**Q** 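Encoded as structure tokens, here's the structure I'll be asking about.
Bear in mind the structure is a predicted one, so any value in this text is a computation, not a measurement.
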Amino acid sequence: MKAVEEHAEGLGPFTTRLTWSLVDGRTAVWESRLARKRGRLAVRAQDGAESRPRRADSGSAHRLLLLNAVAAGAFLVGGALFAAGAAFAQSGGGAGTSAWIYFSGGLFFNTGGYASVLQAVNAPRRDSGSDALTARRWRWWSYEPARIDWLSTVLLFAGTIVFGVNLLSSLLQGLSTQQVNRFIWAPDMIGCTLFLISGHLALVEVCHGRPTVRAHDLGWWIVVVNQLGSALFMASALAAFTRPATGSEVNVDIANWGTLTGALCFSVAGAMQFFERP
């Protein structure tokens, strides 16, 4: 069925929602996150009422469902392990044990980040000539920086990789203050920054432009809770800087509690993500 594009929304070079008219008078609406997470495209009747949404084919839907479950479960478990590591450290537990708990959580974060990338890479695309979503050939990677969902998930995954450097370095013994700040604190700051940028792009995607409150939207809540977690991680990283003069962190309590509460945010958002599925 032929269609004419009517209206595009987003921010800057990114398009997050497209609305176009169909020849029979209906209106089709494609939203980036809705198509990527749930494999859906909305179609409204001539009177403006929303009819049954068009869904992706069963193969694409199953693929999205599986990837969503992997990402959600990985962030749920990874966040719980990070919270456990921070709680153990705050209670006076050994630094070595906490480091191993963090490292284990980091592996789950890596998994969740890559699963999120795969979901963006393999999401069904809109058919510009109809009211349907078309399947894509399975890919393990792509390069599509003009897509906000691709850029957001890739930055998230990159942040988990940088955190991996931080967590691996924290297992080393006998580091000097300068080495601690270079190999542990600096990657932590970079990872937190990438998380915050990724979260901002995700918020732009779900809001179709400038961030607003969309309390009725589960996707919005997931993004906001994750972004709160990223902000708490950043606060923790800032407090974890080791002063060269004293060899002690700026504020150990803030570092531990920031990590604990930030990790819980990611864990909660992971649990919520189970319900944002095809």
**Q** Examine distances only and state if a side-chain atom of Trp150 and a backbone atom of Val121 form a donor-acceptor pair shorter than 3.5 Å.
**A**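 Judged by distance alone, no pair lies under 3.5 Å.
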
**Q** Does Phe75 share a hydrophobic cluster with Leu118, counting links as ILVMFWY side-chain heavy atoms below 4.5 Å and allowing steps through other members?
**A**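 No, Phe75 does not connect to Leu118 through the hydrophobic network.
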
**Q** Run the side-chain contact (heavy atoms from CB on, under 4.5 Å) test on Phe233 and Asp188 for me, step by step, so that the C-alpha distance in whole Å, both residues' side-chain angles and the decisive distance to 0.1 Å come before the verdict.
**A** CA-CA 9 Å; Phe233 275 165; Asp188 194 13; over 6 Å; no

**Q** For Met234 and Leu196, run side-chain contact (heavy atoms from CB on, under 4.5 Å): C-alpha distance rounded to whole Å, both residues' side-chain angles, the deciding distance at 0.1 Å, then the answer.
**A** CA-CA 8 Å; Met234 177 60 82; Leu196 284 170; 3.8 Å; yes

**Q** Spell out, yes or no, whether Ile184 and Met189 are grouped together once hydrophobic residues are joined by side-chain heavy atoms under 4.5 Å, including indirect joins.
**A**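 Not linked; separate clusters.
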
**Q** For Phe108, what residues pass the ring pair (Phe, Tyr, Trp, His ring centres under 6.0 Å) criterion, not counting sequence neighbours?
**A**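 Scan of Phe108 (ring pair (Phe, Tyr, Trp, His ring centres under 6.0 Å), adjacent residues dropped) gives none.
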
**Q** Measure the spacing between NE2 of His7 and CZ of Arg17 and express it to the nearest 0.5 Å.
**A**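 Going from the NE2 atom of His7 to the CZ atom of Arg17 covers 7.5 Å.
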
**Q** Quick check: does any side chain N or O of Asn68 sit under 3.5 Å from a backbone N or O of Leu64, one acting as donor and the other as acceptor?
**A**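 Flag not set: sc Asn68 to bb Leu64 has no pair under 3.5 Å.
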
**Q** Indicate whether the side chain of Ser198 and that of Ser152 have a donor and an acceptor atom separated by less than 3.5 Å.
**A**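 Looking only at side-chain atoms, Ser152 and Ser198 do form a donor-acceptor pair, the distance falling under 3.5 Å.
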
**Q** Could you tell me if the side chain of Leu168 sits less than 4.5 Å from the side chain of Phe103, heavy atoms only?
**A**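 Side chain of Phe103 against side chain of Leu168, heavy atoms only: contact under 4.5 Å found.
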
**Q** Where do Val206 and Gly219 come nearest, in terms of heavy atoms and distance?
**A**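 Closest pair (atom of Val206, atom of Gly219, distance): CG2-C, 4.0 Å.
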
**Q** Please walk me through it: do Thr19 and Thr27 pass side-chain contact (heavy atoms from CB on, under 4.5 Å)?
**A** CA-CA 7 Å; Thr19 304; Thr27 301; 3.3 Å; yes

**Q** Using the salt bridge (Lys or Arg N to Asp or Glu O under 4.0 Å) criterion, which residues pair with Glu276? Sequence neighbours excluded.
**A**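 Per chain and number, Glu276 pairs via salt bridge (Lys or Arg N to Asp or Glu O under 4.0 Å) with Arg33.
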
**Q** Roughly how far, to the nearest 0.5 Å, is CH2 of Trp100 from OG of Ser170?
**A**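 Here the rounded value is 9.0 Å.
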
**Q** When you measure from the side chain of Asn251 to the backbone N and O of Ala239, does any donor-acceptor pair fall under 3.5 Å?
**A**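 Flag not set: sc Asn251 to bb Ala239 has no pair under 3.5 Å.
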
**Q** Can you pull out every salt bridge (charged side-chain N to carboxylate O under 4.0 Å, His left out) where at least one residue sits in residues 192-218? Sequence neighbours excluded, please.
**A**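 Output for this query lists Arg36-Glu205, Arg214-Asp217.
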
**Q** With distance as the sole criterion, is a donor-acceptor pair present between the side chains of Ser116 and Thr153 under 3.5 Å?
**A**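 Distance-only check fails for Ser116 and Thr153.
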
**Q** Restricting to non-hydrogen atoms, name the atom on Ala255 and the atom on Thr259 that form the minimum distance, rounded to 0.1 Å.
**A**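 Between these two residues, the closest heavy atoms are O-OG1, 2.9 Å.
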
**Q** Which distance, rounded to the nearest 0.5 Å, do you find between the CZ of Arg63 and the CD of Gln119?
**A**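 Going from the CZ atom of Arg63 to the CD atom of Gln119 covers 11.5 Å.
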
**Q** Holding to salt bridge (Lys or Arg N to Asp or Glu O under 4.0 Å), I want the full list of residues that pass it with Arg277, two or more places apart in sequence or in another chain.
**A**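 For Arg277 there are no salt bridge (Lys or Arg N to Asp or Glu O under 4.0 Å) partners, ignoring immediate neighbours.
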
**Q** Compare every heavy atom of Pro124 with every heavy atom of Gly39, then report the nearest pair and how far apart it is.
**A**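 For Gly39 versus Pro124, the nearest heavy atoms are CA-CG, 4.3 Å.
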
**Q** Check the pair Leu133, Arg125 against side-chain contact (heavy atoms from CB on, under 4.5 Å), reporting the backbone distance first and the verdict last.
**A** CA-CA 5 Å; Leu133 291 172; Arg125 308 298 169 87; over 6 Å; no

**Q** So, applying ring-ring contact (aromatic ring centres under 6.0 Å, His included) with Phe163, which one of Phe109, Phe195, Tyr102 is it?
**A**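 Answer after filtering Phe109, Phe195, Tyr102: Phe195.
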
**Q** Taking distance alone, no hydrogens or angles, what donor-acceptor pairs closer than 3.5 Å link side-chain atoms of residues 80-95 to residues at least two apart or in another chain?
**A**
residue	atom	partner	partner atom	Å
Gln90	OE1	Asn256	ND2	2.9
Gln90	NE2	Asp253	OD1	3.0
Ser91	OG	Ala87	O	3.2
Ser91	OG	Phe88	O	2.8

**Q** Find out whether Leu76 and Phe274 are in side-chain contact, i.e. whether some heavy atom of one side chain is under 4.5 Å from a heavy atom of the other.
**A**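 Leu76 vs Phe274: side chains touch.
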
**Q** Minimum heavy-atom separation for Asn110 to Phe157, with atom names?
**A**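 In this case the closest contact between Asn110 and Phe157 is O-CE1, 3.6 Å.
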
**Q** For Leu11 and Val204, work out which heavy atoms get closest and say how close.
**A**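 Taking every non-hydrogen atom into account, CB-CG1, 3.8 Å.
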
**Q** Got a sec, which residues hit salt bridge (Lys or Arg N to Asp or Glu O under 4.0 Å) with Arg139, two or more places apart in sequence or on another chain?
**A**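 If we apply the salt bridge (Lys or Arg N to Asp or Glu O under 4.0 Å) test to Arg139, skipping adjacent residues, the hits are Glu144.
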
